[in-house]
Amino acid sequence: MKLLIGGSPCTSWSIAKTTGRETEPSGVGWELFKNYLIARKKYQPDYFLYENNKSMAPAIREQITRELGVEPILINSALVSAQNRQRLYWTDIPGVEQPKNLGILVRDILESGLPLTEKGYCLKASYFKASAVNAVDGGHFPSPMAAEPVRIGTIANDAKNPNFDSRQYRVYSPDGKSVTICVQGGGVGAKTGLYAVPAGIPNGKSYPVYEVQNGQIDILGKQYPIQLSDGFYIIRKLTVTECKRLQTVPDSYIFPVSNTQAYKMLGNGWTVDVIAHVLSYAPGITLEPLEVLSMYDGMSCGHIALDKLGALISHYWATEIDKYAIKTAQYNFPDVIQLGDAFQVRDTKWRLPET
């Protein structure tokens, strides 16, 4: 069986882009997507899967749908993980339904700050023909019934305005979902969000402890309103391991690079259990050897998903240019055949290398 998977970089299309956002099917973002289209035409897969950000402009989404010939399926990663992450999936794999809601919250994926005995941590899912539990509009766009991030306050280390509100200082409860982990962002909790967990639980890391009294938290002599009971709390961003869990990447996956690069790759990556869920509907996915072409492969989340399904991968080709992503993918999956720049598929003589 031949599979084509991938999600072209969405930086140019994302609503998070404050200037120069592309809203029509042209420009850099569209050229990156066209590489996927060209690869599909030349590779002739039995099944394809294409993923991208829900926040893209309607004109772009509609043109992608016309080019690929299938309607997108909107799936929120919150159904299978502790992360609120809405993505669109275009695939010709038949009969894909919504994943089951596993009810995982931030507290379930924390490394420290809450006793392990209180955790309901489970990232294993039954992928085969999981049924929908959410209301569905036309079979493609589920209503947002999964839990969402629960914001409990805003803090700042140096804010003249007591009502100062900045993304990097927003605090969320562990009893909700996480915000979407992202690639870009500044300091403090910009990439992952900040989360408040009770202090006093032994852990292997050193975090500042803050006191809450009467709905106010004292940080460096400044008072900020916060929706927490009186007590002592740790307020921190999520660790790399916790972000792996948000993306349902196994704890055993290794990043042989800096934490900065690891956060970036995870923000760029797929929620693995969503990909495994979609691919599980491909007839014979675990019964015959797979030939896989992964466009914009990143840290090889597609490989992780197929491994979770127990699929037999004969060859896994990957187009990727980020040196840290290549290094990380090769460290975890030495079998991945790195092809380099995705634009090479436009060469009239392009073909996959002999193996």
Using the test salt bridge (Lys or Arg N to Asp or Glu O under 4.0 Å), find all partners of [X] that sit at least two apart in sequence or belong to another chain.
| X | value |
| --- | --- |
| R87 | E51 |
| E31 | K34, R346 |
| R351 | E354 |

So, for [X] and [Y], which heavy atoms are closest and what is the spacing to 0.1 Å?
| X | Y | value |
| --- | --- | --- |
| V80 | P99 | CG1-CB, 3.6 Å |
| R85 | I181 | NH1-O, 3.1 Å |
| I285 | M1 | N-CE, 4.0 Å |

Return the set of residues passing side chain to side chain donor-acceptor pair (under 3.5 Å) with S77 (not counting sequence neighbours), or none when no residue passes.
->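 Result, side chain to side chain donor-acceptor pair (under 3.5 Å) vs S77: T271.
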
D341: partners by side chain to side chain donor-acceptor pair (under 3.5 Å), with sequence neighbours left out =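 For D341, no residue satisfies side chain to side chain donor-acceptor pair (under 3.5 Å) once neighbours in sequence are set aside.
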
Do [X] and [Y] have side-chain atoms, one donor and one acceptor, less than 3.5 Å apart?
| X | Y | value |
| --- | --- | --- |
| N332 | H303 | no |
| Q223 | D218 | yes |
| T65 | W90 | yes |
| Q83 | S178 | no |
| E320 | Q338 | no |

Measure centre to centre between the rings of Y50 and Y36, then say whether the value is under 6.0 Å.
-> yes

Parallel, tilted or perpendicular, as decided by the 30° and 60° cut-offs, for the rings of W317 and Y43 = perpendicular

Given E242 and R236, is the salt bridge (charged side-chain N to carboxylate O under 4.0 Å, His left out) satisfied, shown in steps?
-> CA-CA 12 Å; E242 289 161 351; R236 62 174 178 84; 2.8 Å; yes

Please name all residues satisfying ring pair (Phe, Tyr, Trp, His ring centres under 6.0 Å) with Y172, sequence neighbours left out, ordered by chain then number.
->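 By the ring pair (Phe, Tyr, Trp, His ring centres under 6.0 Å) rule, Y172 matches Y195.
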
